[in-house]
Amino acid sequence: MQQDLERILFDQATIFRRLDEIAEQISADYRERELTVIAVLNGSLIFMADLLRRIPLPLKLDCISVASYHGSTKTTGEVIFKQVALPDIQSRHLLILDDILDSGLTLAAIREKLETARPRSVRICVLLRKRKLHARPVEADYVGFEIEDEFVVGYGLDYMERYRNLPCIGVLRKELLAPSA
Ligand code: IMP
Ligand code: MG
């Protein structure tokens, strides 16, 4: 798998060092409040597992599943919620975890949808944020790394559902992307 990468952006040690920092920041910010973490499947799974084990606070965890990509590398703009019921989040302090903030369409739609269930507060934490003009402006409160506008895989991020189990994050070789991508 690793030979499919054009170059590695962040190896596991670098990711773990950054997770230590973000976890410390989140733990300090939520010292006095009980957190409900909402992880966005599937991309945030590995990030979520490694981050939450670094946060020594009582918290609840729920996952939501949305689809917006349909196998390409460009967003279609439409966000489909795959479950009917939202988690019970009324009056809770929410922290939404996602893998990457690209166009912003997914996180904007998720935030909007979760806010209809009247949480007490909502913050967003992403592992990666692309340096670009986001189609919808989304404030991420915690960001692991800023990256250029390139297609990346690994550490939870996929291309056509592959590469999620790579321990590092890297740029996929261009010739492996479908011509329409
Ligand atoms: P957005 O709605 O464009 O901000 O991105 C939504 C989703 O697209 C993310 O949660 C990822 O699953 C996926 N995505 C965006 N950019 C990349 C990338 O560079 N590699 C892999 N997945 C990506
Ligand atoms: Mg994806």
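First listed ligand is number 1; within each ligand, the first listed atom is number 1. Index from 1, following the sequence.
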Would you mind checking if [Y] and [X] are paired as a salt bridge, meaning a charged N to carboxylate O distance below 4.0 Å?
X: R131; Y: D149; answer: no
X: R7; Y: E150; answer: yes
X: E6; Y: R173; answer: no
X: E146; Y: K132; answer: no
X: R111; Y: E115; answer: yes

Counting each atom of ligand 1 from 1 as listed, which ones have a heavy atom of [X] under 4.0 Å away?
X: E150; answer: 19 (O)
X: S103; answer: 1 (P), 2 (O), 3 (O), 4 (O)
X: T106; answer: 1 (P), 2 (O), 5 (O), 6 (C)
X: D98; answer: 10 (O)
X: D158; answer: 21 (C), 22 (N)
X: V152; answer: 18 (C), 19 (O), 20 (N), 21 (C)
X: K130; answer: 16 (N), 17 (C), 18 (C), 19 (O)

Hey, is G104 one of the residues with a heavy atom under 4.0 angstrom from ligand 1?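 Within the 4.0 Å threshold, so yes.
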
With a 4.0 Å cut-off on heavy atoms, does V153 reach ligand 1?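 Not so, V153 does not reach ligand 1.
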
Is there a donor-acceptor contact under 3.5 Å from the side chain of R31 to the main chain of S27?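 No; zero donor-acceptor contacts below 3.5 Å.
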
Under-4.0 Å heavy-atom contact with ligand 1, by part of [X] that carries it:
X: L157; result: side chain
X: V40; result: neither
X: H134; result: neither

Apply side-chain hydrogen bond (donor to acceptor under 3.5 Å, both in side chains) to residues Y155 and N165 and explain how you reach the verdict. CA-CA 6 Å; Y155 199 70; N165 55 328; over 6 Å; no

Polar contacts were defined as any N/O atom of the residue lying under 3.5 Å from an N/O atom of the ligand; does this apply to L107 and ligand 1?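 In fact, backbone or side chain, L107 has no N or O that close.
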
Under the rule for ring pair (Phe, Tyr, Trp, His ring centres under 6.0 Å), what residues qualify as partners of F10, not counting sequence neighbours?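 F145.
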
Is there a side-chain contact between S121 and R92 in this structure, where contact means two heavy atoms from C-beta onward sitting under 4.5 Å apart? no

